[in-house]
Amino acid sequence: MTDEDKTQDPSRDVVAAGTAEAREVIGERHGMFGVSGTGDTSGYGGLRRPVELPGSTPPPYGGWMDDVAAALVRVTRDGGLESAVEKVIVHRGEITFFIRREHLAAVARLLRDDPDLRFEFCSGVSGVHYPGDTGRELHAVYHLLSMTHNRRIRLEVTAPDSDPHLPSVCATYPTADWHERETFDFFGIIFDGHPGLTRIQMPDDWPGHPQRKDYPLGGIPVEYKGGTVPPPDQRRSYN
Amino acid sequence: MGIEEKLPSGVLLTTVEGVAGYMRKASFWPATFGLACCAIEMMTTGGPKYDLARFGMEVFRASPRQADLMIVAGRVSQKMAPVLRQIYDQMPDPKWVLAMGVCASSGGMFNNYAIVQGVDHIVPVDMYLPGCPPRPEMLIDAILKLHDQVQHTKLGVNRLAEIEANEESALKALPTSHMKGLLR
Amino acid sequence: MTDPYAATESETTQGKVYTVTGQDWDSVVSGIAEEHDDKVVVNMGPQHPSTHGVLRLILELEGETVTEARCGIGYLHTGIEKNMEFRSWTQGVTFCTRMDYLSPFYNEATYVLGVERLLDIEDDIPEKAQVMRVLLMELNRISSHLVAIATGGMEIGALTVMTIGFRERELVLDLFELITGLRMNHAFIRPGGVAQDMPAGALDEIRDFVALMKKRLPEYADLCNANPIFKARLVDVGKLDLAGCLALGLTGPVLRSTGYPWDLRKTQPYSGYEDYDFEVCTWDTADSYGRFRIRLNEMWESLKIVEQCVERLAGLEGAPVMIGDKKIAWPSQLAIGSDGMGNSLDHIRHIMGESMEGLIHHFKLVTEGFRVPAGQAYVPIESPRGELGAHVVSDGGTRPYRAHFRDPSFTNLQATSVMSEGGMVADVIVAIASIDPVMGGVDR
């Protein structure tokens with residue numbers, strides 16, 4: 001797969017004109033297999049590789065995605081939310097719309113109600129924590145399905161760690177109720193407007209949000225006949 | 001036809017402990033504590049192909065007040081641990097615990113924040129059964145071994161002496177962490 | 001010495017709370033009589049024979065009528081999603097297979113389809129692997145629906161249904177054991193294909209199984225369909241119409257019981273489902289009885305698909321089951337040896353004696369794994385309970401950056417309140433049994 005296009009500088013939100021796929025760097029991998037820095041003859045210590053995610057895709061996207069994007073632009077413009085769509089990524093045949101968080105609830109309502117869009121089914125909310133993406137660490141991903149038009153899109157909304165608030169879409173998609181509670185439970189994203197945002201999987205008085213990247217996996221070392229195996233997050237690893 | 005035909009002069013001599021042990025193990029009622037995948041294997045063991053009824057264990061009592069054996073089948077999460085302890089406490093003596101599956105025995109493959117690494121952190125376990133999930137035949141094997149253990153437990157003063165002797169030997173036993181050089 | 005588990009009564013902001021431990025119902029009744037209120041909040045706690053697993057139901061009762069029903073979940077939360085972030089992509093299959101433990105192949109399939117989409121090898125999966133995946137998924141659908149019907153029957157007291165359900169399920173598990181080596185939680189569907197080829201004689205066993213099931217499935221229909229007690233317990237219980245289903249995000253038999261034929265195998269096919277001939281089963285009463293009939297009919301349709309898979313597999317003797325790209329394909333060839341299943345001796349002789357490159361290659365693929373290009377993918381499939389999708393995020397490394405599973409039981413269980421409130425306590429059990437949640441999938 002040809003993804004190496006090094007003609008852009010490693011900063012956020014870069015779309016090189018004419019390139020099919022720009023990259024967005026969110027971090028860097030140092031060393032490998034538990035080795036980093038100099039002094040090790042394996043050579044692993046000096047490895048430096050950027051962690052890149054697919055960047056913004058310039059239009060046209062192809063096929064029905066253009067119809068959906070055009071309809072979305074139209075309804076947001078008509079609703080007075082011109083800047084709602086931050087970025088569009090088309091990767092592996094799936095389209096992702098990055099929505100600015102303040103407009104999320106309104107955009108969700110428009111996506112559900114407009115006849116050309118009609119995304120009446122929300123599969124769920126998934127949280128992802130990118131600690132390397134400063135200012136936009138917490139992502140909430142919504143997978144929407146239009147049963148009328150038989151197509152799927154993805155909405156992604158970001159929030160910084162310092163202000164982990166996102167509007168709730170429960171008014172539009174009641175199914176998001178438990179999904180938002182779960183995302184709050186595991187990532188600490190507070191959904192404003194949620195009817196009852198409490199922990200759902202962990203015990204009610206559990207401290208911390210377990211699926212964040214800064215929360216340890218929490219295993220114990222396993223002893224067996226004199227040898228000890230450390231828990232999975234503290235072992236030497238290839239990453 | 002039965003045992004009475006084979007006895008010399010029709011008299012069977014046994015001990016009170018023998019009879020009590022036999023009664024206890026022949027009608028061992030499990031409490032339903034099926035949690036995850038092992039629970040399904042436990043249900044199949046109670047099903048027609050691997051029949052637990054032939055060992056007297058068909059009746060899975062829902063109420064712990066009427067159960068002797070708690071088969072902890074499945075992974076015990078941190079949220080479930082107090083419930084497990086409460087059910088164990090509600091069982092009347094004599095009671096036994098069988099940790100079914102690796103998750104109940106030692107946390108299994110889930111060495112993380114959410115799973116109790118072995119129910120022996122919470123309740124005293126009499127039989128550990130590894131497997132992910134253990135086959136019904138393995139569960140029956142563990143139950144039969146437990147039956148042997150139950151049949152031969154003593155009563156009364158002998159029981160107290162037995163408990164003390166077990167404790168002494170457990171305290172003197174070589175801990176696994178000291179069994180060095182045996183990683184094969 | 002106070003007994004910590006003796007019956008207690010305490011005053012809270014919401015009223016009196018009683019811990020009942022036996023022989024003390026009178027204290028509760030006299031206490032409530034003081035309040036002149038028939039409302040009782042009952043906890044059908046996580047350990048209960050009829051709540052389909054470790055589900056906690058908090059019911060507010062007025063007599064026998066349920067005025068409010070809430071679900072407490074999380075008693076089986078295992079942290080599988082976070083654990084997968086510390087394992088390679090192929091090892092992730094062994095973790096995700098234990099989520100929804102009654103349909104393990106579906107968990108594996110949705111995760112692997114997501115990984116394959118990120119790897120961009122969706123078109124390179126060999127045909128035999130696709131057919132085997134469909135075969136195993138449909139057999140799993142049969143076994144999952146059998147458990148649903150069996151446990152549903154047990155929960156309403158029809159114990160014969162449970163016995164025959166598990167008897168049939170044993171036949172399916174024997175087939176699984178023959179093909180994959182394990183009865184449950186097989187880590188068989190892997191990125192790139194499946195782990196092993198079909199063993200000799202498996203196709204005949206499957207044909208015998210299909211013939212036997214065709215004689216056995218009518219037994220369920222005879223036992224339950226027109227049974228007056230069964231119908232009295234199930235008809236008009238747990239009603240949820242189409243608008244309610246779509247708003248609450250329900251899929252699977254619950255959605256199809258409203259009459260809407262939404263089945264991802266037909267509308268957004270994956271793994272070659274567009275080449276199979278089968279019907280989408282619906283019913284139009286939107287109640288528990290409809291969902292039961294749909295599950296029975298879906299078993300018949302699954303048998304049809306299994307027959308078609310067997311025919312296709314008969315023509316695919318010797319075809320590969322793993323992708324040809326050696327940088328992704330699982331390197332080992334498994335075989336049954338004297339101590340169980342493991343790498344075949346031929347393979348070991350090759351990598352240990354003949355080819356150093358083969359050894360390095362095997363070692364690197366098994367320990368490090370392949371690298372998946374960065375991005376995210378979501379490939380939902382139609383599991384026996386509804387839409388099951390894995391949202392897989394990769395940052396270009398050898399491990400999942402995030403694998404989140406949209407589990408159908410988690411979403412479907414939100415409908416408990418809607419289905420139960422206003423009905424009676426016994427109907428709560430039936431409604432939940434008709435949703436058929438698997439708590440492993442709910443809590444992950």
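Computed from a predicted model, the values in this text were never measured in an experiment. In what follows, chains are A, B, ... by sequence order, proteins preceding strands, each numbered from 1.
Neither the backbone nor the side chain of Met84(C) comes within less than 4.5 Å of any heavy atom of chain B. Contacts between Asp174(C) and chain B at a heavy-atom distance below 4.5 Å involve the side chain alone, from C-beta outward. In this structure, the portion of Ile73(C) lying under 4.5 Å from any heavy atom of chain B is its backbone and not its side chain. When heavy atoms are compared at a cutoff of 4.5 Å, Cys103(B) does not approach chain C at all. For Phe110(B), the parts lying near chain C are the backbone and the side chain together; criterion is any non-hydrogen pair under 4.5 Å. Only the side chain of Arg183(C) has a heavy atom closer than 4.5 Å to any heavy atom of chain B. Neither the backbone nor the side chain of Leu182(C) comes within contact range of chain B; no heavy atom of the residue lies under 4.5 Å from a heavy atom of that chain. Using a 4.5 Å cut-off between heavy atoms, Ala36(B) touches chain C through backbone and side chain atoms alike. Contact of Arg444(C) with chain B is not made at all, since no heavy-atom distance falls under 4.5 Å. Heavy atoms closer than 4.5 Å to chain C are found in both the backbone and the side chain of Leu35(B).
If you tally non-hydrogen atom pairs under 4.5 Å between each of Gly440(C), Gly165(C), Ala150(C), Gly74(C) and chain B, the highest count goes to Gly74(C). Interface remark: of the candidates Gly47(B), Cys37(B), Cys132(B), Cys37(B) forms the most heavy-atom pairs closer than 4.5 Å to chain C.
For the residue pair Tyr113(B) and Gly79(C), the shortest heavy atom distance occurs at OH-CA, 3.5 Å. Closest approach of Gly34(B) and Val54(C) over heavy atoms only: O-CG1, 4.5 Å.
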>> I'd like to know whether Lys79(B) forms a side-chain contact (heavy atoms from CB on, under 4.5 Å) with Leu76(C), so could you lay out the CA-CA distance, the side-chain angles of the two residues, the decisive distance to 0.1 Å, and finally the verdict.
In response: CA-CA 8 Å; Lys79(B) 202 166 175 181; Leu76(C) 203 55; over 6 Å; no

> Leu171(C) and Lys49(B): side-chain contact (heavy atoms from CB on, under 4.5 Å), yes or no, with the steps?
Replying inline: CA-CA 10 Å; Leu171(C) 304 173; Lys49(B) 188 169 176 184; over 6 Å; no

> Going through the distances and angles, do Tyr101(C) and Glu41(B) end up as a side-chain contact (heavy atoms from CB on, under 4.5 Å)?
Replying inline: CA-CA 11 Å; Tyr101(C) 41 81; Glu41(B) 286 297 56; over 6 Å; no

>> Could you walk me through whether Asp443(C) and Arg75(B) satisfy the salt bridge (Lys or Arg N to Asp or Glu O under 4.0 Å) test, starting with their C-alpha distance in whole Å, then the side-chain angles of each, then the deciding distance to 0.1 Å, before giving a yes or no?
In response: CA-CA 12 Å; Asp443(C) 296 334; Arg75(B) 40 199 196 243; over 6 Å; no

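To the nearest 0.5 Å, atom OG1 of residue Thr151(C) and atom CD1 of residue Ile40(B) are 7.5 Å apart. Between atom OG of residue Ser77(B) and atom NE2 of residue His77(C) there is a gap of 8.0 Å, rounded to the nearest 0.5 Å. Atom-to-atom distance recorded for Met184(C):CE and Cys38(B):SG is 8.0 Å, nearest 0.5 angstrom. The structure places CE of Met109(B) at 5.0 Å from OG1 of Thr94(C), a figure rounded to the nearest 0.5 Å.
Counting heavy atoms of neighbouring residues, nucleotides and ligands inside a 6.0 Å radius, atom CD of Glu164(B) does not exceed 12 of them.
Side-chain atoms of Asn112(B) come within 3.5 Å of backbone atoms of Thr78(C) as a donor-acceptor pair (strictly under, hydrogens ignored).
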